[in-house]
Amino acid sequence: MSAAPQLDPFLPDIYSVRDVRRELPDTVTLEVAPKAGARPDFEPGQFNMLYAFGIGEIAISLSGSAGSGETFIHTVREVGAVSAAISKLEVGAELGLRGPYGAGWPVNEAEGSDVVFVAGGLGLAPLRPAILHVLANRNRYGRVVLLFGSRNPTELLYRDELADWRQRLDVDIDVTVDHADAEWRGNVGVVPALIPRAAFDPTDTIAFVCGPEVMMRFSVAALRDAGVPLDHVYVSMERNMKCAIGLCGHCQFGPTFVCKDGPVMRFDAIADIFSIREI
Amino acid sequence: MTETAKSVISLDGLQALIDALAAKNYQVLGPTVHDGAIIYDAITKTADLPAGWTDRQDGGRYRLERRDDDALFGFVVGPHSWKQFLHPAKETLWKASRGPDGIVVTAEEPSPQKLAFLGVRSCELAAIAVQDKVFCEGPYLDVPYAERRKDAFIVAVNCGEAGGTCFCVSMQTGPKAEAGFDVALTELHHNGAHEFLVEVGSESGAALMQDVPHRPASNEQVSAAEAAVANATNQMGRTLDTNGLKELLQGNSNHPQWDAVAERCLSCGNCTMVCPTCFCTTVDDHSDLSGDNAERVRKWDSCFTLDFSYIHGGSVRTATRSRYRQWMTHKLASWYDQFGTSGCVGCGRCITWCPVGIDITEEAAAIRAAPMSDKEKPNERP
Ligand SMILES: Cc1cc2nc3c(=O)[nH]c(=O)nc-3n(C[C@H](O)[C@H](O)[C@H](O)COP(=O)(O)OP(=O)(O)OC[C@H]3O[C@@H](n4cnc5c(N)ncnc54)[C@H](O)[C@@H]3O)c2cc1C
Ligand code: SF4
Ligand code: SF4
Ligand code: FES
């Protein structure tokens with residue numbers, strides 16, 4: 001046998017579920033803690049690879065408070081085999097976890113500027129650590145705006161927390177739904193439509209955008225039309241991921257690897273490839 | 001390095017070289033004839049090598065023919081590459097079990113078997129160097145690859161003839177092995193003698209040669225070896241103009257040639273399987289009937305499949321046009337952004353083994369012949 005092999009980046013660590021909270025009929029938030037040792041630190045916008053025993057491994061963003069801590073928080077929407085298995089885990093159940101991976105939201109570089117968060121649907125989950133960071137360090141930022149769009153009022157993610165944030169006077173929150181129901185009193189329409197009327201200084205704003213690709217495309221266009229330079233706009237890209245460590249090739253997006261060059265990318269750097277269909 | 005001068009070994013010397021590798025506990029792998037093609041397999045004797053065979057290659061065509069001499073390396077590259085040993089088509093990454101104490105994950109032990117590759121062509125050395133960059137120089141080390149790679153012994157063979165789909169000269173990867181080998185051979189048929197000129201490329205190569213009877217090369221033998229390589233240089237089956245190619249391809253993502261090639265491409269992925277640099281993989285997770293033992297298996301994957309780019313809701317690259325564009329632009333352009341090198345080494349395998357004979361050099365030339373002006377390529381989306 002040769003010398004002890006180097007730390008194998010494919011090996012998951014074992015975590016156990018501390019808490020489960022059902023957010024929506026198809027979405028749960030899990031709090032997981034390492035079975036042994038401490039969890040690594042992470043930055044807002046990074047993600048982990050979660051492994052459901054015998055079923056598979058998927059990329060899931062960190063959605064709790066960044067930095068150090070005892071547990072990781074993940075919000076998972078059930079869309080297929082692996083996400084369904086993870087969503088069904090109960091308190092005490094174990095799962096594999098590798099991470100954190102990827103480039104996050106530049107919350108430190110944004111200090112001193114206005115910050116605009118634009119989220120669509122589950123896109124609020126990867127933004128949540130950045131929002132929590134900005135709110136926890138509120139005096140370091142200018143105006144703070146959160147624009148959130150959801151398909152319909154019953155699918156509003158983090159509803160209670162949104163209500164709490166709305167109580168704060170130091171953050172502007174605007175929420176819209178694609179399809180209203182009888183009780184809905186708020187905006188109806190797509191989230192980019194909220195941008196023109198939001199109060200921020202376009203010449204000194206950092207915008208963080210996360211959601212489905214079409215939603216990001218129209219949001220970036222609206223931010224640009226509002227006068228925000230594209231090098232102040234960040235998006236979180238999504239591509240198929242098998243390894244998360246730059247070795248499987250799946251997440252290629254033009255010349256970039258979303259897993260290691262992203263998922264958060266400064267828009268001006270990818271504007272050309274972002275406009276190419278099926279790249 | 002203790003031995004830098006060129007030397008010469010006989011056919012028996014080549015057998016002694018194979019024996020010396022075996023004595024140092026290497027499994028020796030080299031070219032053999034099987035089912036009408038030259039493939040890489042375990043060898044123990046010079047008689048296992050494809051004596052007197054050559055290959056005729058063209059777009060979508062491969063045929064073995066007898067030579068009028070008994071050359072052991074008188075052919076170029078076939079459907080196999082050394083990738084299948086360093087980066088196997090299928091391998092278990094780890095196993096996991098679930099018991100009263102929860103989940104336990106166990107790394108797969110690396111195989112203790114050291115590998116020696118005999119007959120590695122210059123383009124293949126370049127391909128191994130490309131995969132070294134991918135697997136060993138990124139932020140994360142591919143441990144299974146690195147374990148196999150660090151122990152591999154490489155006996156290169158310089159090409160004396162080029163194949164019909166070769167373009168290593170264009171890619172500056174051959175036909176002479178310049179670096180990345182332990183020992184390099186040039187097959188000589190000189191003055192009626194069948195011999196091999198030997199160049200040593202590493203300490204382990206020099207150590208091996210201590211166990212192989214050899215004598216200093218004469219000036220004539222050195223010139224004969226140079227002439228053989230020059231012959232291959234002049235025979236390149238294909239050429240590819242790489243001047244500004246990266247910018248050309250990245251600036252022509254909307255070129256009609258992508259539609260033209262998509263009409264012929266079957267999206268079969270053969271090109272990615274035979275390519276010695278293509279590294280993409282997927283993983284397969286499964287458990288046994290008890291449900292308590294699971295494993296994660298990594299397998300070669302191809303960017304030509306729909307699943308490759310699947311994200312919930314649909315694949316990113318649904319059209320064959322987008323998939324071929326991804327493959328070719330990756331090889332010839334974005335590889336530079338990612339790894340500082342071309343992803344194509346000019347081995348010609350993708351041309352030969354494409355069932356419909358699609359030729360990467362012709363596709364690139366077609367775009368170069370009629371690049372689109374900026375006016376003609378509006379942004380594809382608002
Ligand atoms: C950086 C990143 C962060 C993400 N964060 C979250 C999050 O916080 N919460 C959440 O619910 N989802 C998140 N996703 C999406 C999540 O990874 C997919 O929903 C999940 O992979 C679906 O797997 P499945 O087996 O359940 O579904 P299936 O649809 O059966 O998928 C089959 C396989 O395709 C691949 N795949 C499918 N969809 C995606 C996708 N969208 N992205 C990457 N690979 C995919 C996976 O390998 C998956 O196993 C994130 C994706 C990325 C790339
Ligand atoms: S792209 Fe084709 S010619 Fe280039 S290295 Fe791969 S198989 Fe060989
Ligand atoms: S280029 Fe040829 S080998 Fe490659 S996917 Fe298309 S048909 Fe198959
Ligand atoms: S997910 Fe494997 S390379 Fe990015």
Side-chain angles (χ1 to χ4, degrees), chain A residues 1-2 5-16 35 51-57 77 79-80 82-83 92-96 101 212-214 217-218 221 238-257 260-261 271-279, chain B residues 93-94 96 98 102-105 107 109-110 112 134-135 138-144 146-147 150-151 250 253-254 278-283 285-287 291 293-294 296 298 301 303 307-313 315-319 321-322 325-326 330 333-334 336-338 379-382:
Chain A
M1 262 306 309
S2 46
Q6 303 195 41
L7 207 60
D8 189 335
F10 293 107
L11 284 185
D13 291 321
I14 304 305
Y15 277 63
S16 62
K35 210 169 147 187
Y51 168 67
F53 187 87
I55 300 182
E57 192 185 45
R77 183 152 63 114
V79 296
V82 184
S83 51
E94 292 184 358
L95 71 164
Y101 295 122
E213 218 166 292
V214 273
R217 183 158 74 242
F218 287 104
E238 198 175 359
R239 280 295 179 272
N240 185 300
M241 287 191 182
K242 294 295 177 195
C243 75
I245 52 179
L247 299 174
C248 78
H250 273 260
C251 66
Q252 286 178 78
F253 168 51
T256 70
F257 286 96
K260 58 177 185 181
D261 302 319
D272 285 350
I273 47 174
F274 195 88
S275 69
I276 301 170
R277 200 181 296 277
E278 297 206 349
I279 189 74
Chain B
L93 291 177
W94 46 258
R98 189 162 53 181
I103 301 174
V104 177
V105 178
E109 284 292 325
V134 172
F135 292 128
Y140 294 91
L141 182 71
D142 190 307
V143 171
E147 285 289 315
K150 75 174 167 36
D151 291 333
Q250 288 178 332
S253 56
N254 204 16
C278 273
F279 61 89
C280 290
T281 51
T282 186
V283 285
D285 286 289
H286 50 252
S287 54
N293 298 293
R296 163 157 276 225
R298 161 162 88 167
D301 200 2
C303 56
D307 269 356
F308 188 87
S309 65
Y310 178 82
I311 52 179
H312 124 88
S315 295
V316 172
R317 298 181 202 104
T318 56
R321 167 194 200 274
S322 319
R325 180 183 66 190
Q326 163 64 25
H330 188 211
S334 42
Y336 285 100
D337 296 302
Q338 298 169 349
N379 266 350
E380 289 184 42
R381 300 198 292 205

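We name chains A, B, ... by the order of the sequence lines, and we start the count at 1 in each one. Note: hydrogens, waters and symmetry copies are ignored here, and every other heavy atom, side chains too, is used.
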For A:Ser83, is it the side chain, the backbone, both, or neither that has a heavy atom closer than 4.5 Å to a heavy atom of chain B? neither
Roughly how far, to the nearest 0.5 Å, is CZ of A:Arg277 from CZ of B:Arg321? 9.5 Å
Between B:Ala319 and chain A, with a heavy-atom cut-off of 4.5 Å, which part of the residue counts as in contact: side chain, backbone, both or neither? both
To the nearest 0.5 Å, what is the distance between CZ (B:Arg325) and CD1 (A:Ile279)? 4.5 Å
Return the option, out of B:Val283, B:Asp307, B:Asp142, with the maximum number of heavy-atom pairs under 4.5 Å with chain A. B:Asp142
Here the pair of heavy atoms bringing B:Val316 nearest to A:Glu278 is O-CG, 3.2 Å
Looking only at heavy atoms, the pair that brings A:Phe53 and B:Gly291 closest together is CE2-O, 3.2 Å
Look at the aromatic rings of B:Tyr140 and A:Tyr101 and report parallel, tilted or perpendicular, splitting at 30° and 60°. perpendicular
Just by distance, do the side chain of A:His250 and the backbone of B:Thr281 share a donor-acceptor pair under 3.5 Å? yes
So B:Cys280 and A:Gln252, side chain to side chain contact (heavy atoms under 4.5 Å, CB included) or not? Walk me through it. CA-CA 10 Å; B:Cys280 290; A:Gln252 286 178 78; 4.2 Å; yes
Which atoms of B:Thr282 are under 4.5 Å from chain A, going by heavy atoms: the side chain, the backbone, both sets, or neither? both
B:Val105 vs A:Tyr51 side-chain heavy atoms within contact, under 4.5 Å: no
With respect to chain B, which residue among A:Ile14, A:Asp261, A:Leu247 yields the maximal number of heavy-atom pairs within a distance under 4.5 Å? A:Leu247
Please name the pair of heavy atoms, one in A:Lys242 and one in B:Arg296, separated by the smallest distance, quoted to 0.1 Å. O-NH1, 3.9 Å
Relative to chain A, which segment of B:Thr318 carries a heavy atom at a distance below 4.5 Å: side chain, backbone, both, or neither? both
Under 4.5 Å heavy-atom distance to chain A, tell me which part of B:Asn293 shows up: side chain, backbone, both or neither. backbone
Approximate separation, where rounding is to 0.5 Å, of B:Ser334 OG and A:Phe257 CZ: 8.0 Å
Minimum-distance pair of heavy atoms, taken over all atoms of A:Pro9 and B:Leu141: CG-O, 3.1 Å
Most contacts with chain B, counted as non-hydrogen pairs under 4.5 angstrom, among A:Ile55, A:Thr256, A:Leu95: A:Ile55
Where is the tightest heavy-atom contact between B:Phe279 and A:Cys248, given as atom of each residue plus distance? CE1-C, 4.3 Å
May I ask you to name which of B:Arg98, B:His286, B:Gln326 has the most heavy-atom pairs under 4.5 Å with chain A? B:Arg98
When every non-hydrogen atom of A:Gly249 is compared with those of B:Phe308, the smallest separation belongs to O-CZ, 3.5 Å
For chain A, the option from B:Leu93, B:Ile103, B:Ile311 that forms the most heavy-atom pairs under 4.5 Å: B:Ile103
